[in-house]
Structure formats: C-alpha cells, structure tokens
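Here's the structure, in structure tokens; my notes come after.
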Amino acid sequence: MPEVILLEDEPVLRQELGEFLEELGYAPRCVSSLQEFDRHFDPDRHHLAVIDIGLPDGCGLDLIQRLRQEGQRVGIVVFSARQTSADRISGLAHGADHYLGKGCDLDELAATLAALVRRLGLQQAPATQPPPGWTLEVGPRRLHIPGAPAVPLSQQDLLVLRCLMSQPGENISRRQIIEALGFDYLDYDQRRLDTQMRRLRRRVEDVSGQTLPVKTLRNSGYCFYQPAQVLA
C-alpha cells in the first residue's frame with residue numbers, strides 16, 4: 001500500500017492515527033509541524049497525506065495550497081477539529097481532496113483513503129500472480145480476492161480470517177475466534193467481535209468492491225462459505 005504522511009500536532013492523536021494507518025496496511029510517516037513536514041515529505045514516496053489545519057507553526061491550508069501550486073499530485077485528506085461548512089469549503093478550495101472532522105468514525109477515514117487509492121491508481125500490483133480464489137497470505141497480511149485488488153489486513157483481522165479460512169464451509173464458534181485472538185472467552189466483551197467483523201466486511205468492500213463471504217450464525221459464530229486457502 002502507499003506510504004502516508006500524517007501531519008498532526010497532538011501527540012496522543014498522532015500516535016493513535018499512526019497505529020490505525022498501520023493496521024490498515026499503510027506505511028505512515030508521522031510529523032507534528034509544517035517544518036517537520038517539509039523536512040520529511042518525499043513526493044516519490046508519499047502519495048497520500050492526512051493534514052491537520054491548526055498547527056504550532058502555521059496553517060495546514062497554506063501547506064496544501066503550496067503543494068498544489070508546486071504541482072504535487074499527492075492525495076490530501078484534511079483531518080481537523082474545524083468542522084463548519086465554511087471550513088470545509090475553504091479546505092477543498094485550497095486543494096484538499098477530502099475534508100473530515102476529527103469527530104468522525106475512523107472507518108470513514110479508512111474508506112476515504114481507500115477511495116483515494118483507487119482514484120489515483122495507487123494500488124500496487126503483486127510481484128507474482130496471486131493464487132486463484134480467496135487466499136489469505138499470513139506473512140504480508142493480505143487477503144487475495146478473485147478479480148479484485150488484494151486487501152491489506154490488521155493483525156487482528158488476519159487472526160480472525162485465518163481461523164475462518166482454515167476451515168472453509170465449517171461453522172466456527174465465537175469461542176474459537178475469541179481464543180484465536182488471544183483473549184479469555186469468559187472475560188471478553190463479545191460486542192467487540194461483532195464490531196470487528198463489521199469493520200472487516202466494510203474494509204474488504206471498500207478496497208475490493210467485493211462482499212466478504214462470511215455468514216453470521218446467530219448466537220453461535222461465523223462461517224467462511226467460499227473455497228479458501230491460507231498461505232504461511
């Protein structure tokens with residue numbers, strides 16, 4: 001996946017967003033000021049940027065305008081606490097591709113970046129022809145889908161899919177999945193698993209346009225109902 005440069009001056013949020021981008025399969029470069037951005041931005045590597053507006057040494061809008069005046073084709077997402085209609089219009093007018101408020105669900109940020117990847121043609125082709133059918137690659141943490149781009153996975157998504165795709169067509173209990181994630185079944189809040197499955201389905205659809213072939217078994221577990229293989 002493309003490298004992302006993240007400009008956010010608040011340390012806790014910067015770390016949270018950086019970890020979230022890593023989970024999505026991106027390689028983030030996290031910086032905290034305009035000066036640091038200028039020092040680390042490489043247009044040959046950084047094809048996506050997530051930029052805050054209010055910064056300790058200036059305004060992110062001025063940076064965006066400068067990048068566009070320089071002819072940089074980087075996909076830019078503003079991620080700001082300033083969320084009025086006027087703020088959004090100004091951000092887009094200065095050259096941002098998308099403008100998100102910091103109160104948004106991070107899944108919206110993930111979907112926005114995935115849309116930019118598709119529109120800018122940044123999806124990397126695999127070095128070798130992927131195997132046919134639904135295939136989970138454990139090492140690079142990728143899900144290969146017939147006729148669609150590969151989907152980078154977080155470590156937890158990988159563990160869930162490995163549990164399901166190792167036994168395609170079989171009913172896998174919630175307990176099996178939770179223990180595969182490394183948690184105690186009796187202490188685990190099962191709503192977390194439901195949330196993770198929703199996010200995983202949405203992630204696969206956003207990147208590939210395909211529906212993840214996982215059937216929910218009411219109060220029981222899940223089943224991966226297509227032929228599948230897992231490659232170490």
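For clarity, every value in this text was computed on a predicted model and none was experimentally measured. Along the sequence shown, residues carry numbers from 1.
- No side-chain N or O of S208 forms a donor-acceptor pair with one of R203 less than 3.5 Å apart.
- For the atom pair I177 CD1 and I172 CD1, the distance stands at 7.0 Å (nearest 0.5 Å).
- When the side-chain hydrogen bond (donor to acceptor under 3.5 Å, both in side chains) test is applied to K102, the partners found at least two apart in sequence or on another chain are E8, D52.
- Side-chain contact of S154 with D157: a donor-acceptor pair under 3.5 Å is present, judged by distance alone.
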Show me the donor-acceptor pairs, under 3.5 Å and distance only, between side chains in residues 158-169 and residues at least two apart or in other chains.
from: S166; atom 1: OG; to: R162; atom 2: O; distance (Å): 2.5

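- Atom CG of residue L212 and atom CD of residue E205 lie 10.0 Å apart, to the nearest 0.5 angstrom.
- How far CG of L34 is from CG of L55: 5.0 Å, rounded to the nearest 0.5 Å.
- For the atom pair OH (Y26) and CG (L113), the distance works out to 4.5 Å, reported to the nearest 0.5 Å.
- A donor-acceptor contact closer than 3.5 angstrom links the side chains of T195 and R198.
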Chi angles and distances behind the salt bridge (Lys or Arg N to Asp or Glu O under 4.0 Å) call for R175, E179: CA-CA 6 Å; R175 182 172 197 140; E179 291 179 349; 3.1 Å; yes

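- Between the CD1 atom in I5 and the CD atom in E36 there is a gap of 8.5 Å [rounded to 0.5 Å].
- R45 pairs by the salt bridge (Lys or Arg N to Asp or Glu O under 4.0 Å) definition with E3, not counting sequence neighbours.
- Distance check: L200 CG to Y222 OH gives 10.0 Å after rounding to the nearest 0.5 Å.
- In the hydrophobic clustering of ILVMFWY residues, with side-chain heavy atoms under 4.5 Å counting as a link, L100 and L7 come out apart.
- For R199, the side-chain hydrogen bond (donor to acceptor under 3.5 Å, both in side chains) partners at least two apart in sequence or on another chain are D107.
- There is a side-chain donor-acceptor pair under 3.5 Å between Y185 and Q190.
- Evaluation of the side-chain hydrogen bond (donor to acceptor under 3.5 Å, both in side chains) rule for R119 yields D97 as partners, not counting sequence neighbours.
- With sequence neighbours left out, the ring pair (Phe, Tyr, Trp, His ring centres under 6.0 Å) criterion links Y225 to no other residue.
- For R191, the CZ atom counts as loosely surrounded, since its 6.0 Å shell holds 12 or fewer non-hydrogen atoms of other residues, nucleotides or ligands.
- Residues R141 and E137 are not paired through a salt bridge, judged by the lack of any N-O separation under 4.0 Å between the basic side chain and the carboxylate.
- Cation-pi check for R174 over Y188 is not met; the charged atom does not lie both under 6.0 angstrom from the ring centroid and within 45 degrees of its normal.
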